[in-house]
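Ligands are counted one by one from 1 in listed order, and the atoms in each one are counted from 1 as well.
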Amino acid sequence: MQNREFQTEVSQLLHLIIHSLYSHPEIFLRELISNSSDALDKLRHLTLTEDGFKGLAFEPRIDLTLDEEAQTLTIADTGIGMNEEDLVSHLGTIARSGTKSFLNHLSGDAKKDSNLIGQFGVGFYSAFMVADRVEVISRKAGEEQACRWESDGKTGYTVDAAEREQAGTTVIVHLNEEGKQYANNWRLQEIVKKYSNHIAFPIFLTYDKSEWNAEEEKQEKTRVTEQVNAASALWRRPKSELTDEDYKEMYKGISGDFEDPLFWFHTKAEGSLEYTTLFFIPSKAPLDLYQSDYQGGVKLYVKRVFILDDSRELLPQYLRFVKGIIDSEDLPLNVSREILQQNRVLQSIRTASVKKILSELKTQAVNQPEKYAQFIAEFNRPLKEGLYGDFANRETLLELIRVKSSLVDGVTSLAEAKARMREGQKALYYITGGKEQLLRNSPLLEVYRKKGIEVLILDDDIDEIVFGTIAAYGETALKSVNNAGAAEELKDESDAPKSEGLEPLLARIRGILGDRVKDVRASVRLADSPSCIVRDEDAPSLQMQQMMRAMGQANVPEVKPTLEINPDHAIVKKLEARAEDELMVDAAWLLLDQALLLEGIPLENPGEFVQRLNRVLGQTV
Ligand code: ADP
């Protein structure tokens, strides 16, 4: 027998589970059943695809056995099983960074924290909420030797050789004080029905049943084994037979989420291809949605048989928050991952599924605006990722996303913004390159405000990249106000003579700033600020350039900003008269530096900025 210690993270997790996650201890059963169901899925898949396993007698089932006297509950399956190596790596370490991040996200509020538990696959360890000791006896399919793992969930565990008649896993939960309530067949049946009713395999419960013996006139106990779950693939049943409660239950069973889903879309396609899809949109985005090892929640079945759950093949990456199933009649059962990548049937199902999900969301936006707002609060950003990658659905995605705006509170759709366009307005305008407050206060918005034209405030960090690739929304051009040319079309007739008069001052500033700027010119977009920074069409913003350099991109082209000066501003008017004065040196740099500050760009030399400011102040006080 070998004694081993848990990886630090496991100990940390166990400590938390045992000491603070008591609000729903019953979920331990759902977690263990779900592990068994996965193990059965895996073995079934092997028996269909791997030569060595084909034809193997496979009787998938999950057996719960209650021993009231010994106060143990046993969960046994005929699934793929684990050998010693598997036991050590699966039940002694935490591999996924998602789980590690779970530990960092704990709030200390036991209720909230226990809601997180399922999302991070800490499933097995939840048994220690109700047990003071857990034994796992497992034999891997295709191997002879079984192995026994045992732990009290404190410091470590032991592994040693064991015997098991056939492949599969038996988990023996030695119930503790907290767990005693589960040594009750009614309670167990209730929990299985609640969480695991639609697990595709039969779940049996063996227990002592009390029955009234009429002849002998007394209660009698008999040992019985009964099936407790419906074991039906719910998605294959007609929609008309299913209630909202059925869908919600199934969602909770497959997702480990405690909250109801926001929406679900159940479709049966019957045509050249036959398949069923059932997709759920969670009400909250998982915390690890943006981590590289995030696991999507869509499973592929062929004729009710689980095939794989690699969502990357099943839905585009940006829809990774969708949970559910795709069940096809046309794919071969022994289809492999490699074949799937080029499989036409799957490609068609995938294309149709994406269209379906997006069009259903569009319908919900109209029919259930409040729920849709909740959806947007969680998933607006992944949709924007789709704008960048999914060209085929770009128009629909542009309908679905929501953005902030200079004219309205909260968020707005592009369609609403388009409906608000002023007469003669040539494009929908937007601003990018910083946090919301910075953008709202940007001098670049002044001319639009003056003319009552709406500007969309795109403050998400991916907005600049995403919208930089989108030239139009339908027939309407989408233009960034950060671009040098954007304000040209708003020019008034009075602007031209004003800028001509400004030329001597501009020339002086050009001379002072030298090659720090691309050009200095008169602005038509400013009302209250003396100066602002603009950039060429197609050039990345200064913020973006900074970000690219920070991310180690070596050859970011240095794009120099163009400084625009407001001919109507009182300071500029006074400076016009003093274009040749010594004061202009400080003034020119201050005009540039303040424009950079408003763009959110840190100054290269703040000390110099302060000295200049003080010199100029010194002349006025
Ligand atoms: P998760 O199920 O989210 O991966 P768990 O901690 O519940 O996390 O389980 C860890 C791993 O242990 C599983 O991924 C699986 O490989 C293995 N495992 C757990 N239970 C079983 C079982 N009944 N049969 C086979 N393997 C299992």
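In terms of the salt bridge (Lys or Arg N to Asp or Glu O under 4.0 Å) criterion, Glu220 has no residue partners (sequence neighbours excluded).
Looking at Gln295, Lys140, Met82, Glu31 and measuring to atom 21 (C) of ligand 1, the nearest heavy atom belongs to Met82. The option from Thr169, Asp77, Asn35, Leu43 that lies nearest to atom 9 (O) of ligand 1, judged by heavy atoms, is Asn35.
Between Phe280 and Trp264, the ring planes are tilted. Angles from 30° to 60° get that label.
Atoms of ligand 1 found under 4.0 Å from any heavy atom of Phe124 (numbered from 1 in listed order, with element): 5 (P), 6 (O), 7 (O).
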In residues 37-44, what donor-acceptor pairs under 3.5 Å come from side-chain atoms, sequence neighbours left out?
none

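Seen from the ring of Phe204, Arg61 counts as a face-on cation partner, given the 6.0 Å and 45° thresholds.
Considering backbone and side-chain atoms alike, Ile80 places every N or O at 3.5 Å or more from each N or O of ligand 1.
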